[in-house]
Amino acid sequence: MSEFDTVLVVDFGAQYAQLIARRVREAHVYSEIVPHTITAAEVAARAPVGVILSGGPKSVHVPGAPELDPEVFELATPVLGICYGAQLLARQLGGVVARTGRGEYGRTTLDVEAPSRLFDVAGEQPVWMSHGDSIVRPPAGFHALARTDATPYAGLADTDRRLYGIQFHPEVVHTPRGQDLLKRFLYDVCGARPTWTMTSIIESQVAAVQAQVGTERVICGLSGGVDSAVAAALVHKAVGPQLTCVYVDTGLMREGESDQVVDTFRRHHGIELVHVRAAERFFERLAGVVDPEEKRKAIGERFIREFEVAAQGLEDARFLVQGTLYPDVIESGTPDAARIKSHHNVGGLPDDLGFELVEPLRALFKDEVRKVGEELGLPEEIVWRQPFPGPGLGVRIIGEVTPERLAVLRHADAIVREEVKAAGLERDIWQAFAVLAADVRSVGVMGDERSYAAPIIVRAVTSDDAMTADWARLPYDLLERLSSRIVNEVTGVNRVAYDITSKPPGTIEWE
Ligand code: XMP
């Protein structure tokens, strides 16, 4: 991304780094997350217009607490330290950070002494804090910009060297003027140009794909999800008819989804699409399979096999498009991320199919991918689709997967989606779906008859990243509509339960 002014966000171990990087990009400045072990020479080689030090979970006093190569402060590049980053900057430059016993957590009133490059007006403003230690003496050359009751240096600066520190978190929504502050740092202190826009992102990725692919053929596996759809649309914009998409229809998709994928890509975008109708072969493979891991494995293997067969028909293809996103790039390498991915990769393609990878979304966060998708004219249903597991509805039938059970689940799931959307909650909820406990039977009465049928479990969760999740407090009247519609309309279901388990200890999916 050398054509964009770049801000490096140094990660000190909190999730805050990603949030800061996103906020910088929302201000139309390109940002990259780098580990705190980065050396000054490596920073200089990237020629950033500014460096932001993120917060971190540790205290600067803990033995082994992460530090930054002190030479970074000598590069004449502006630096903004946030929370832990501010304390580290103060301490490494000769100031004193102390355990004052007066920590601040949550909403706090900040008192700005006078207008400055970071703060446009003097006076009080609410900010979000989360710290135990405080800077009690600033390094030489620094002066206070703002204070709180507990912290005399809630904002500090050495304006000549363009080094700044703030104790609060400007990146969170609970600091209402935080984004303004970040913008002032980016534009006024760093002199960054706001060139990271949807148009320029698309232009630069299109150029990169063209340069990589030349006149060769490219294939792209579509899953029905946002990432592969946007990646395909972007590559199509770059190389047009050199792209062929392969859509493996597992038969485990939700209602209307397969038609929509085929329709969108073939008809609206004029993209060559191989539609592999593999449902029967998936059902055959799934006959008698009950164990969740075995089921996932069976679906994953079948999927890859189907894709390989389709790809063999396009033998001159040398490149394969993958919808890898920036968070995957940052996280790959950490042992935890690796473990989570291998579990979640079901329904995806391995990297070793013998193709060279084209990854046009590698630099983008999910919200940027959605915006690119909208800009490229993809329909809302695809761009705003909730996450969906690779093995599809297969892991939402508890027990053996059969076409009959799938029809029941698909119908119930369509009702859940329809009602959640009608209630206007679709984008507030991470996922809302139905699970069929196919081997469970309960007694009911329907009209004058006794029923003995399976329950549907409704699962709706809120989450930021699927690593943790909470059950969504859906309004009772919505739950009531879901329940009565499912029991009345879906044959084979006589009871609806709502899952009120958070993650952890539960997972989002049931299998
Ligand atoms: P769990 O159930 O582990 O799910 O809490 C976390 C998130 O991952 C999705 N998920 C998958 N996504 N392939 C995927 O691409 C998979 O095999 C898979 N399994 C679960 C799940 O829907 C949730 O958003």
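Along the sequence shown, residues are numbered consecutively beginning with 1. Start at 1 and go down the list; that is how both ligands and their atoms are numbered.
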Residues which pass side-chain contact (heavy atoms from CB on, under 4.5 Å) with Val10, listed by chain and number, not counting sequence neighbours: Phe12, Val34, His36, Val51, Leu53, Leu68

Nitrogen or oxygen of Glu509 less than 3.5 angstrom from that of ligand 1: yes

Salt bridge flag under 4.0 Å for residues Lys421 and Glu418: no

Gln386 heavy atom under 4.0 Å from ligand 1: no

Part of Pro387 within contact of ligand 1 (heavy atoms, under 4.0 Å): side chain

Basic-acidic side-chain contact under 4.0 Å: Glu511, Arg396: no

Aromatic plane relationship, Trp196 with Phe4 - under 30° parallel, 30 to 60° tilted, over 60° perpendicular: perpendicular

Element-labelled atoms of ligand 1 that are located less than 4.0 Å from some non-hydrogen atom of Ala466: 6 (C), 7 (C)

Numbered atoms and elements of ligand 1 in range of Lys503, under 4.0 angstrom, heavy atoms: 1 (P), 3 (O), 5 (O), 6 (C)

Heavy-atom closest contact (Leu436 atom, Leu409 atom, distance): N-CD1, 3.8 Å

Enumerate donor-acceptor pairs with a distance under 3.5 Å from any side-chain N or O in residues 380-388 to protein atoms, sequence neighbours excluded.
{"unit_1": "Glu380", "atom_1": "OE2", "unit_2": "Arg427", "atom_2": "NH2", "d": "3.2"}
{"unit_1": "Trp384", "atom_1": "NE1", "unit_2": "Glu374", "atom_2": "OE2", "d": "2.9"}
{"unit_1": "Arg385", "atom_1": "NE", "unit_2": "Gly224", "atom_2": "O", "d": "3.3"}
{"unit_1": "Arg385", "atom_1": "NH1", "unit_2": "Gly224", "atom_2": "O", "d": "3.4"}
{"unit_1": "Arg385", "atom_1": "NH1", "unit_2": "Glu257", "atom_2": "OE2", "d": "2.9"}
{"unit_1": "Gln386", "atom_1": "OE1", "unit_2": "Ala432", "atom_2": "N", "d": "3.0"}
{"unit_1": "Gln386", "atom_1": "NE2", "unit_2": "Glu426", "atom_2": "O", "d": "3.1"}
{"unit_1": "Gln386", "atom_1": "NE2", "unit_2": "Ile429", "atom_2": "O", "d": "3.3"}

Polar proximity ligand 1 side, Gly390 side, N/O cut 3.5 Å exclusive: yes

Trp430 neighbourhood, listing ligand 1 atoms whose heavy-atom distance to it stays under 4.0 Å: 24 (O)

